[in-house]
Amino acid sequence: MTRRPFFMLCAVGLVAAGCTLGPDYRRPDVEVPAAYREAEAEAPTPGAKTLGDLEWWTIFQDPELQELIRTTLAANYDLRVAVSRILQAQSQLTITRSQQFPTVNAQVDAPYSGLVGGSERPATVPRDSFTPEGGLSFAWELDLWGKFRRATESARAQLLASEEVRNGVVTSLIAQVAQAYFNLRAFDLDLEISRRTVDSREQSVELVRARLEGGVAGILDLQQAQTLLYTATKSIPDTERQIAETENLISILQGKYPGPIPRGRPLGRQLAPPTGPIGLPSALLARRPDVRQAEQQLVAANAQIGVATTQFYPQVLLSGFGGVNGFVISGQSFGPFGFLSALPVVSLPLFNAGRVQAGVNLAEAQTQEAAIRYQQTIQQAVREVSDALVDVRKLQEVRVEQEKLTRTLGDASQVARQRYEGGVSSYLEVLDTERQFFQAELDLTTAQLNEMSAIVQLYKALGGGWQADLVSVNP
């Protein structure tokens with residue numbers, strides 16, 4: 001093959017490279033509601049941030065909690081694995097994209113041959129020969145139908161999907177650390193209530209014992225007072241166990257071995273009910289990492305249809321070698337000589353028992369599955385936000401009512417104690433009101449924790465937390 005036809009063939013290949021088979025990606029039409037079930041439709045305000053757009057440190061303002069989250073984002077193993085997968089996807093994209101270009105390798109050969117022993121050498125047979133050769137070898141499959149470009153499109157989408165996985169891990173970790181920290185502060189408050197109650201009931205036991213010795217109270221009153229005391233004391237070791245296990249959990253999330261966790265603000269000063277706009281369900285398509293990941297997986301699957309379709313068409317492979325060589329035969333030197341060789345190969349599928357069509361059908365079915373999962377992810381996201389909204393509102397109402405009940409039972413407990421000390425009622429009345437008051441205080445702590453947990457889940461459901469990276473995460 002002469003140089004002119006060879007370079008003309010290359011030029012034709014470059015022109016034909018503009019042809020790309022397979023469907024171009026179009027985002028599916030997904031119907032989303034105008035507003036969440038538990039929120040009124042909101043007209044978007046230019047420049048205004050919704051709750052999901054806020055950085056996590058504006059939501060969680062306890063300095064100790066912020067430091068725990070920062071440490072977690074810097075050292076958590078799940079996040080480091082997610083970052084490693086991004087690096088893997090970047091490398092895979094580079095590998096896939098490189099197939100669009102020629103492969104060029106340097107090659108050097110230096111074969112030597114000579115005769116050793118035997119009868120007398122004929123004059124026509126050289127005593128020895130040395131043929132050094134060096135040059136560049138190349139191979140290039142022309143991307144006439146866009147096979148490699150579609151594969152690169154798919155690999156790029158997979159890279160973006162892996163980045164969304166990382167963003168989702170960030171959001172999940174922020175929520176996990178915040179939830180665990182709030183649980184820890186709730187257990188701290190339970191322990192404080194239990195110890196305070198134990199101190200009060202020990203004094204009551206001593207009072208009843210003194211009244212028993214004075215003949216004013218009976219042995220049943222002492223036993224009832226001790227019952228109240230032991231009800232409180234038995235809750236202390238269980239609460240301490242929960243505190244230690246929660247500290248261990250937070251330590252592991254930070255990539256550390258179990259150890260103590262510093263405390264900041266008390267439970268009641270951690271969070272307030274959200275007052276800012278929630279936003280529209282359509283915003284989840286751009287904010288939620290799992291929705292963005294599902295869309296990129298759909299893009300990747302759609303591009304694979306084009307890759308499979310190209311197998312119906314001719315494949316053109318160019319290969320060759322160019323360089324210089326020379327000869328040394330029986331001490332006589334010849335050369336150097338320059339040379340160029342090229343070997344174009346064209347292959348066209350004729351019979352493959354339906355394998356190529358099956359590959360296209362497989363890619364189309366996988367794309368259909370990815371589209372369904374994308375729609376399902378959006379629907380699940382809207383549901384999670386709606387659930388979190390009703391949780392925030394209703395659990396706030398529960399907490400308000402529990403506060404009223406706790407105050408009422410606290411007043412009733414004081415009245416019952418005064419009535420007993422005045423000889424108006426038996427200690428059974430004190431026993432009943434004290435038991436209810438102690439449980440009401442614990443239930444109030446649970447109500448406060450549940451309300452804060454709902455706010456955390458709402459922030460997570462809205463896809464907040466990952467937009468601004470405060471730390472650099474390394475694998």
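For the side chain to side chain donor-acceptor pair (under 3.5 Å) condition, the pairs that include at least one residue of residues 97-106, sequence neighbours left out, are Gln100-Thr152. For residues 394-427, the pairs satisfying ring pair (Phe, Tyr, Trp, His ring centres under 6.0 Å) are Tyr420-Tyr427, with sequence neighbours left out. The side chain to side chain donor-acceptor pair (under 3.5 Å) analysis of residues 286-305, with sequence neighbours excluded, yields the pairs Tyr25-Glu295, Arg27-Glu295, Thr50-Arg287, Asp53-Arg287, Ser154-Gln304, Glu164-Arg292, Arg288-Asp290, Arg288-Glu384. The stretch residues 352-382 participates, sequence neighbours left out, in no ring pair (Phe, Tyr, Trp, His ring centres under 6.0 Å) pair at all.
Taking Arg417 as the reference, Glu434 meet the salt bridge (charged side-chain N to carboxylate O under 4.0 Å, His left out) condition, with sequence neighbours excluded. With sequence neighbours excluded, the residues forming a side chain to side chain donor-acceptor pair (under 3.5 Å) with Lys147 are Glu141, listed by chain and number. When the side chain to side chain donor-acceptor pair (under 3.5 Å) test is applied to Arg435, the partners found at least two apart in sequence or on another chain are Asp432. Under the rule for a side chain to side chain donor-acceptor pair (under 3.5 Å), Asp199 has no partner lying at least two apart in sequence or in another chain. The side chain to side chain donor-acceptor pair (under 3.5 Å) search around Arg209 returns Glu206, not counting sequence neighbours. With sequence neighbours excluded, no residue forms a salt bridge (charged side-chain N to carboxylate O under 4.0 Å, His left out) with Glu202.
The closest donor-acceptor contact from the side chain of Thr58 to the backbone of Glu55 lies under 3.5 Å. Of the possible donor and acceptor atoms, one in the side chain of Arg263 sits under 3.5 Å from a partner among the backbone N and O of Ile261. With hydrogens and angles ignored, the 3.5 Å screen pairs no side-chain donor or acceptor of Asp221 with any backbone N or O of Ala217. A distance-only check finds a donor-acceptor pair linking the side chain of Asp143 to the backbone of Arg149 [under 3.5 Å]. When atom types are taken as modelled, the side chain of Ser172 and the backbone of Gly168 share no donor-acceptor pair closer than 3.5 angstrom.
Of the options Leu79, Val169, Leu68, a side chain to side chain contact (heavy atoms under 4.5 Å, CB included) to Leu73 is made by Leu79 and by none of the others.
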Item checked: Step-by-step side-chain hydrogen bond (donor to acceptor under 3.5 Å, both in side chains) determination, Asn167 to Glu163 -> CA-CA 6 Å; Asn167 294 335; Glu163 291 176 347; over 6 Å; no
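With respect to Arg399 and Glu403, a salt bridge is recorded, a charged nitrogen being found less than 4.0 Å from a carboxylate O. A salt bridge links Arg195 with Glu240; the closest basic N to acidic carboxylate O contact falls under 4.0 Å. Remark: Lys394 engages Glu397 in a salt bridge, criterion side-chain N to carboxylate O under 4.0 Å.
Between Tyr313 and Trp145, the angle of the ring planes lies from 30° to 60°, which puts this pair in the tilted group.
For the pair Leu65 and Gln270, the tightest heavy-atom approach, listed with the atom from each and the gap, is CD2-OE1, 4.5 Å. Heavy atoms only, all atoms of each residue included: Gly465 and Val170 are closest at O-CG1, 4.0 Å.
The number of heavy-atom neighbours closer than 6.0 Å to CZ of Arg196, taken from other residues, nucleotides and ligands shown, is above 12. No more than 12 heavy atoms of other residues, nucleotides or ligands sit less than 6.0 Å from atom OH of Tyr257. For Tyr77, the OH atom counts as loosely surrounded, since its 6.0 Å shell holds 12 or fewer non-hydrogen atoms of other residues, nucleotides or ligands.
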Only distances under 3.5 Å count here; give the side-chain donor-acceptor pairs of residues 180-187 to other protein atoms, sequence neighbours excluded, each with its distance to 0.1 Å.
from   : atom 1 : to     : atom 2 : distance (Å)
Tyr181 : OH     : Asp62  : OD2    : 2.9
Tyr181 : OH     : Gly264 : N      : 2.7
Asn183 : OD1    : Gln179 : NE2    : 3.0
Asn183 : ND2    : Gln179 : O      : 3.4
Arg185 : NE     : Arg265 : O      : 3.0
Arg185 : NH1    : Asp188 : OD2    : 2.7
Arg185 : NH2    : Arg265 : O      : 3.4

I'd like a table of donor-acceptor pairs (distance under 3.5 Å, sequence neighbours excluded) in which one partner is a side-chain atom from residues 229-236, with atom names and distances.
from   : atom 1 : to     : atom 2 : distance (Å)
Thr231 : OG1    : Thr227 : O      : 2.7
Thr233 : OG1    : Leu229 : O      : 3.3
Thr233 : OG1    : Tyr230 : O      : 3.1
Ser235 : OG     : Ser194 : OG     : 3.0
Ser235 : OG     : Ala232 : O      : 2.7

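Side-chain contact of Gln158 with Ser162: a donor-acceptor pair under 3.5 Å is absent, judged by distance alone.
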